[in-house]
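Structure record follows, encoded as structure tokens.
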Amino acid sequence: MTGLIAFREIVLKVHSRCDLACDHCYVYEHADQSWRARPKVISPEVIAQTASRLAEHARTHALPSVTVILHGGEPLLAGTARLRLVCEEFTRALDGVAALDLRMHTNGLQLSRRYLDLFAEFGVSVSVSLDGDRAANDRHRRFADGRTSHPLVLAAVDLLRTEPYRHLYQGLLCTIDVANDPVAVLDALVELAPPRVDFLLPHATWQTPPVRPDEAPDTYARWLLRVFDHWDRRGRPVPVRLFDSLFSTLAGGPSLTESLGLAPTDLVVVETDGNLEQVDSLKSAFEGAAATGFNVFDHAFDLVAAHPGVRARQLGLAGVSDACRRCPVVRSCGGGLYTHRYKAGSDEPSGSEAPGNFDNPSVYCTDLRELVDGVEGRTSASASAPELSDPAELAGSQEQLTRDLLALLNDRRTGDSDWERAWRVLGAVERAGQAGADALDAVLAHPFTRTWVMACLDPGQEAPDAARAARRLTALAAAAVLRGGLDLPAEVVYRDGEVYLPTLGLLRLGEPGTEGRATLHAADGGYAVREEGRPEHRFGPAAGDARWQPVRTWSPGPDAAPVALEDLDPHRNCFARPPRLRLGAGEAEEWRERLDAAWALLHASVPEFARAAATGLTTLTPLAGGPRARGWGEAGRHGPGALGVPYAAGVAETALALLTGRRRAGLQALTEVADLYALDGEWQHPSPWRERPVPVSRLLADVHERVAVEAYRRATATAEPGGLDRINRALDRLSEAAELTSTGKRLVEQLRWELKAVDA
């Protein structure tokens with residue numbers, strides 16, 4: 001049974017009849033009429049056995065929680081005594097096994113205080129079916145003699161909204177009828193202040209398609225988009241699960257509803273006779289469509305999980321049709337509800353259970369495409385990550401990410417006295433006014449602080465030595481103290497006679513091979529160090545101490561912040577090529593001159609790209625070896641703001657390395673704090689620059705880099721024939737990629753604008 005889905009939700013049919021005669025009901029009015037042969041009310045034996053099976057299943061799969069939805073027919077017709085038995089049996093069976101979430105879906109007609117008192121006792125939350133205002137609700141939800149049910153439903157919801165029952169109110173379920181006024185429907189639902197509204201497409205298949213009064217393929221999308229626009233204008237007064245699900249998937253997250261998205265179903269239905277069935281909506285397809293042949297008396301839930309019909313809805317992207325897999329909105333729509341894909345084969349009877357009969361797009365395909373595109377078009381600007389267009393936001397998010405990761409590392413490093421002492425120093429620095437806060441920001445923004453933290457957190461690597469990790473934190477805290485000019489004692493632990501102070505430099509405190517401790521603090525505009533048994537001495541920018549090697553800097557322009565030329569930090573080895581050892585004074589000056597000339601070349605040839613490359617660049621590390629075939633720079637793994645540049649490259653090669661390296665680093669920094677794509681690797685895309693298809697992340701990275709390269713080559717008369725055409729083909733492919741989020745699509749739009757400027 002390995003690889004089977006665990007059922008986290010069961011629908012328990014406690015009563016199989018209803019006190020309404022809704023003409024759109026999938027239980028009574030659609031293809032499957034098995035309700036006629038079932039007991040009206042669930043028996044005590046079925047209740048007890050189902051509770052036992054669920055507890056067994058939860059224990060086997062170590063489920064933290066399970067949800068039981070009391071359903072029908074109309075579940076309230078089961079009466080308070082039978083419903084109490086349900087609550088008691090499931091509460092007893094799940095006690096100590098998993099948290100129990102009891103819910104009910106009801107038409108509300110029988111809802112009264114005696115029911116709500118019972119539900120309050122056991123924490124049963126209640127969702128009520130209501131299709132909108134009276135005109136909308138009366139279109140389908142009537143008694144058998146034609147009487148309206150609307151006033152009774154409103155009275156039930158009003159009671160549910162009062163204390164002490166308000167906390168049981170879960171939401172409203174609204175089945176869509178496009179003949180209803182969408183604005184009036186939403187207003188009527190909002191007036192009842194539901195915690196959530198679920199808009200439900202009426203169940204339909206290719207054999208029995210949905211009603212379309214105007215015969216247009218997007219009727220339901222246009223209706224829902226009118227609801228969306230009115231809901232948005234009203235300030236989104238209540239959560240709407242359909243829209244929230246689209247917001248989630250468009251941003252790269254999971255679906256929040258079974259009717260959309262690629263998440264596997266984790267639901268099983270228990271009928272009043274104890275039969276175990278698939279999702280209830282399948283009753284709209286054909287007689288017996290939901291049947292599994294299993295029951296709670298003879299079969300465990302895992303047997304249902306192995307049923308071919310259930311497995312078909314666990315396959316995610318592999319479980320949708322070829323047409324859906326090629327569609328750019330499939331991550332959001334998920335091919336639509338499984339039931340809505342049903343189409344009997346041309347050479348098979350209408351009731352055939354052939355798996356291929358569900359291997360189709362949804363009967364609402366056009367509606368779903370228009371709905372996803374419509375919501376995305378209305379929200380993409382506001383929903384896109386601000387880091388995409390605002391360098392300050394990107395820098396802030398990167399700094400916060402480093403802080404969060406460092407805090408996580410601290411949680412895992414408790415018990416080491418050196419670590420804890422250094423952590424307290426960092427806290428004191430942060431509380432020491434603006435100077436301290438700025439100093440701490442500076443050392444946390446140092447690219448190789450992140451590299452060190454990630455090396456410590458990497459589960460794929462052997463756990464780093466605790467003493468080594470503590471040494472780095474003591475140095476980090478000391479660097480913050482010195483940068484802030486704070487008269488705080490900061491003890492450092494050194495090894496091999498030296499300690500590296502991030503962003504400042506390397507201090508030698510003893511002979512190679514020696515270990516020890518020293519206390520650092522700021523003093524008179526410089527730095528001071530005390531060691532036991534030795535007099536305090538000064539070091540730093542103005543002290544002229546031969547034991548102090550400061551981090552060198554280079555300025556990319558008169559108005560630009562200095563960039564560190566980092567050849568000291570032991571954690572700088574995060575590039576594809578190893579860093580060069582410490583540069584001599586003459587070598588450093590030569591490198592500065594090459595960087596000056598390369599930067600001037602960039603500004604003369606591609607000024608817009610040059611200015612963008614300077615944004616966020618804080619650290620350059622010289623790399624060993626000559627330039628690669630194309631002289632590209634290296635974006636350090638987990639080193640935001642850092643760039644590795646081949647030391648031995650010429651001016652033109654250095655210019656190209658600065659340009660391409662910064663493009664790589666900028667995209668990498670963005671992907672660390674914003675979701676540009678989801679399900680990376682599920683699709684493979686042809687690339688104009690590679691022999692084999694690549695995942696969307698690789699294609700996007702290639703295009704992002706090539707746009708800048710094409711601009712540079714055109715400006716320097718070194719462009720290759722067909723370069724622009726290849727980039728455009730790749731952009732076209734990206735525009736149709738289902739993996740891209742709203743932010744990723746806006747990035748592709750930006751790249752198109754950049755390319756147009758290059759072409760112009």
Side-chain angles (χ1 to χ4, degrees), residues 391-392 394-395 398-399 402 438-439 441-451 479 483 500-506 541 549-569 571-575 577 579-604 606-623 627 631-649 651 653-669 708:
L394 179 58
Q398 281 288 343
E399 181 185 333
T402 299
D438 290 345
D441 287 347
V443 295
L444 293 181
H446 177 55
F448 306 126
T449 295
R450 172 84 62 80
T451 307
R483 287 190 67 98
Y500 171 76
L501 302 172
T503 74
L504 295 178
L506 186 72
Q549 298 181 59
V551 171
R552 300 185 180 100
T553 61
W554 164 71
S555 177
D559 300 323
V563 174
L565 301 183
E566 184 58 84
D567 56 358
L568 292 170
D569 193 326
H571 287 275
R572 70 191 185 279
N573 192 4
C574 61
F575 302 99
R577 285 180 285 177
R580 199 172 186 276
L581 298 179
R582 174 73 166 165
L583 300 178
E587 291 176 316
E589 190 55 39
E590 289 177 2
W591 199 40
R592 285 194 187 98
E593 291 175 359
R594 284 199 297 276
L595 290 171
D596 285 339
W599 209 252
L601 176 58
L602 285 180
H603 274 277
V606 283
E608 291 294 332
F609 288 98
R611 283 191 288 271
T615 303
L617 176 63
T618 63
T619 306
L620 285 174
T621 292
L623 299 181
W632 308 67
E634 302 286 356
R637 185 169 181 263
H638 305 311
L643 183 64
V645 177
Y647 169 77
V651 171
E653 294 161 333
T654 299
L656 193 57
L658 288 168
L659 177 64
T660 58
R662 282 303 296 152
R663 292 288 280 193
R664 289 180 178 182
L667 183 60
Q668 178 175 288

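For the single chain, residues carry numbers from 1 onward in sequence order.
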Nearest heavy-atom pair of Tyr647 and Pro622: which atoms, and what distance?
CB-CB, 4.0 Å

With no hydrogens and no angle check, is any side-chain donor or acceptor of Thr618 less than 3.5 Å from a backbone partner on Pro447?
no

Specify the closest pair of heavy atoms between Gly633 and Thr660, including all atoms of both residues, with the distance to one decimal.
N-OG1, 3.5 Å

Using 0.5 Å steps for rounding, measure from the CZ atom of Arg662 to the CG atom of Leu620.
9.0 Å

What do the steps show when you test Thr654 against Leu595 for side chain to side chain contact (heavy atoms under 4.5 Å, CB included), and what is the final call?
CA-CA 7 Å; Thr654 299; Leu595 290 171; 3.9 Å; yes

State the CD-OH distance between Glu566 and Tyr500, to the nearest 0.5 angstrom.
3.5 Å

Leu643 to Ala635 - nearest heavy-atom pair and separation
CD1-N, 4.4 Å

For the residue pair Phe575 and Phe448, does the interplanar ring angle fall in the parallel (under 30°), tilted (30 to 60°) or perpendicular (over 60°) class?
perpendicular

Minimum heavy-atom distance Gly641-Leu617, with the two atoms named:
O-CD1, 3.7 Å

Nearest heavy atoms of Thr451 and Gly639, plus distance in Å
OG1-CA, 3.9 Å

State whether the side chain of Arg552 and the backbone N or O of Leu583 hold a donor-acceptor pair below 3.5 Å, judged by distance alone.
yes

Would you please classify the geometry between the Trp554 ring and the Trp599 ring as parallel, tilted or perpendicular, with 30° and 60° separating the classes?
perpendicular

Student check: side-chain heavy atoms of Glu653 and Pro646 closer than 4.5 Å:
no

Ser555 side-chain N/O to Pro562 backbone N/O, donor-acceptor pair under 3.5 Å:
no

For Arg582, I'd like to know if atom CZ has over 12 heavy atoms of other residues, nucleotides or ligands within 6.0 Å.
yes

Supply the atom-to-atom distance Thr621 OG1 to Asp567 CG, rounded to the nearest 0.5 angstrom.
8.0 Å

For the residue pair Val551 and Thr503, establish whether any side-chain heavy-atom pair is separated by less than 4.5 Å.
no

Just by modelled atom types, is the His603 backbone N or O under 3.5 Å from a matching donor or acceptor in the Arg611 side chain?
no

Between Gln668 (side chain) and Gly636 (backbone), is there a donor-acceptor pair under 3.5 Å?
yes

Taking all heavy atoms of Leu568 and all of Pro550, pick out the closest pair and write down the distance.
CD1-O, 3.9 Å

Atom NE2 of His446 and atom CZ of Arg572: how far apart are they, to the nearest 0.5 Å?
10.0 Å

Could you tell me the separation between the CG atom of Leu504 and the CZ atom of Arg483, rounded to the nearest 0.5 Å?
6.0 Å

Measuring from Leu565:CG to Thr553:OG1, what's the distance to the nearest 0.5 Å?
6.5 Å

